[in-house]
Amino acid sequence: KAKERGRNRICSYTQEMNESIQKRVQMEQDLRRGIENGELELYYQPQLDPHGGGAVGLEALVRWRKGDRMVPPLEFIPIAEETGLITEVDAWVLRAACLQLKMWRDQKQQMVPVSVNLSPRQFQDAYCVELVRKVLQESNIEPGCLKIEVTESMVMHNAEEALRTMTQLKAMGVQLSMDDFGTGYSSLSYLKMFPFDQLKIDKSFVRNVTNDPQEAAIIRAIIGLGKTLGIKIVAEGVETVEQYSFLVRAGCDLIQGYFYSPPLPVAACMHFLQEDHLWGKKRKEIEDGPQ
Ligand code: C2E
Ligand code: MG
Ligand code: MG
Ligand code: MG
């Protein structure tokens, strides 16, 4: 009897595994076709300079329009990474972001630097540097308008390779940003060694900043470190006015999060940038506090 039950459990386990493998295979096929059919889209999330007033950066975040659903990156980037499709996704994103910058420049729009996320696998690929060079040439944009975000864990995983890639990208004039800072295990001496222009405090730290003194202390320390090393500090996932106020008082250079703006489709993003002068008014209201 017990044996039978055991077998049933194994059966349903294998069945579940098969189903999940099938789902992944299906997802991979769909994604491959989706890339070919132009189903990927970029959203742009504005980053605020709380001291100067207004957007000084945009982060490009990929979405997959699958039927009538917008699939978020966390649902397909891991599969793309496992299957190698990420090379195509990242190449598409890089190209799309640079073409968008070119379009803004050609239309004489205000030029705000755009950050692009590259996955670890893509970044370790020797082809990465060549791809960036090629895309910059094609779009003929100012290299300083392009910022490349890599995660802390990626950099630490293969430090030598990462440093080589970064040095080459810096030599082209591209800016570099360390994403999700605080979630990996970088030693501080590494920070000094790598040519980062900015460092993004992971949203898990920002979340508790107003009710956890230890998180607050960590954030103050990171901001202090940034000042010492001459690296701009960005806080991501800023959702509330309390978080915003804390970060500004602590001297954070850039604010990104729903508090300022969610990621927006390109048309809405352009509209946002045009209305951005309104930020000065909103800021004054926040600073003056509730009436
Ligand atoms: P990330 O680079 O750390 O991007 C920030 C994520 O936080 C985005 O999620 C953004 O929508 C979300 N976010 C922004 N403001 C807030 C906020 O106030 N509160 C909260 N809770 N979340 C906020 P998204 O767009 O779902 O992207 C998730 C991750 O997927 C990104 O994390 C990045 O690692 C990856 N990703 C996104 N686009 C690309 C891409 O084009 N290529 C690669 N390789 N990875 C990408
Ligand atoms: Mg990012
Ligand atoms: Mg991040
Ligand atoms: Mg992240």
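Start at 1 and go down the list; that is how both ligands and their atoms are numbered.
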Looking only at the aromatic ring of each residue, does the gap between the centers of Y260 and F272 stay below 6.0 angstrom?
yes
Restricting to N, O or S atoms of D179, which is nearest to the Mg ion (ligand 2)?
OD2
For the Mg ion (ligand 2), find the closest N/O/S atom belonging to E149 and write down its atom name.
OE1
How does S119 reach ligand 1, by side chain, by backbone, by both or by neither, if only non-hydrogen atoms under 4.0 Å count?
both
Taking only heavy atoms of P73, which atoms of ligand 1 are found under 4.0 Å from at least one of them?
24 (P), 25 (O), 26 (O), 27 (O), 28 (C), 30 (O), 36 (N), 37 (C)
Taking both backbone and side-chain atoms into account, decide whether T151 has an N/O/S atom under 2.8 Å from the Mg ion (ligand 2).
no
Do D90 and ligand 1 have an N or O pair less than 3.5 Å apart?
yes
Could you tell me whether E28 and R24 have a side-chain N and a carboxylate O separated by less than 4.0 Å?
no
Would you mind checking if E36 and R33 are paired as a salt bridge, meaning a charged N to carboxylate O distance below 4.0 Å?
no
Between D253 and K227 (salt bridge meaning N to carboxylate O under 4.0 Å), is one present in this structure?
yes
W64: which residues meet the side-chain hydrogen bond (donor to acceptor under 3.5 Å, both in side chains) condition with it, sequence neighbours left out?
E39
Could you see which bit of K200 sits under 4.0 Å from ligand 1, with heavy atoms only: side chain, backbone, both or neither?
neither
Note: heavy atom closest to atom 7 (O) of ligand 1, options R63, E236, K203, E81, belongs to K203
Is there a nitrogen or oxygen of V62 sitting under 3.5 Å from a nitrogen or oxygen of ligand 1?
yes
Measuring from the Mg ion (ligand 2), name the closest N, O or S atom belonging to E59.
OE2
Side chain, backbone, both or neither: V93 near ligand 1, heavy atoms under 4.0 Å
side chain
Does a donor on one side chain sit under 3.5 Å from an acceptor on the other, for Q175 and Q198?
no
Atoms of ligand 1 under 4.0 Å from any heavy atom of D180, numbered from 1 in the order shown, are 3 (O)
Just checking: E236, one of its N/O/S atoms, less than 2.8 Å away from the Mg ion (ligand 2), yes or no?
no
By number and element, which atoms of ligand 1 are closer than 4.0 Å to a non-hydrogen atom of G237?
16 (C), 17 (C), 18 (O), 19 (N)
Under 2.8 Å from the Mg ion (ligand 2) - does any N, O or S atom of D180 fall there?
no
Tell me whether R207 is salt-bridged to E215, with the criterion being a basic N under 4.0 Å from an acidic carboxylate O.
no
May I ask you to identify, for L42, whether its side chain, its backbone, both or neither come under 4.0 Å of ligand 1 on a heavy-atom basis?
neither
Determine which pairs satisfy salt bridge (charged side-chain N to carboxylate O under 4.0 Å, His left out) with at least one residue from residues 159-173, sequence neighbours left out, and list them in order.
E161-R164, K170-D197
One finds that the ligand 1 atoms under 4.0 Å from a non-hydrogen atom of E59 are 2 (O), 4 (O)
Over 12 non-hydrogen atoms of neighbours within 6.0 angstrom of NE2 in H51
yes
What part of I77, side chain, backbone, both or neither, has a heavy atom within less than 4.0 angstrom of ligand 1?
side chain
Is ligand 1 less than 4.0 angstrom away from at least one heavy atom of R207?
no
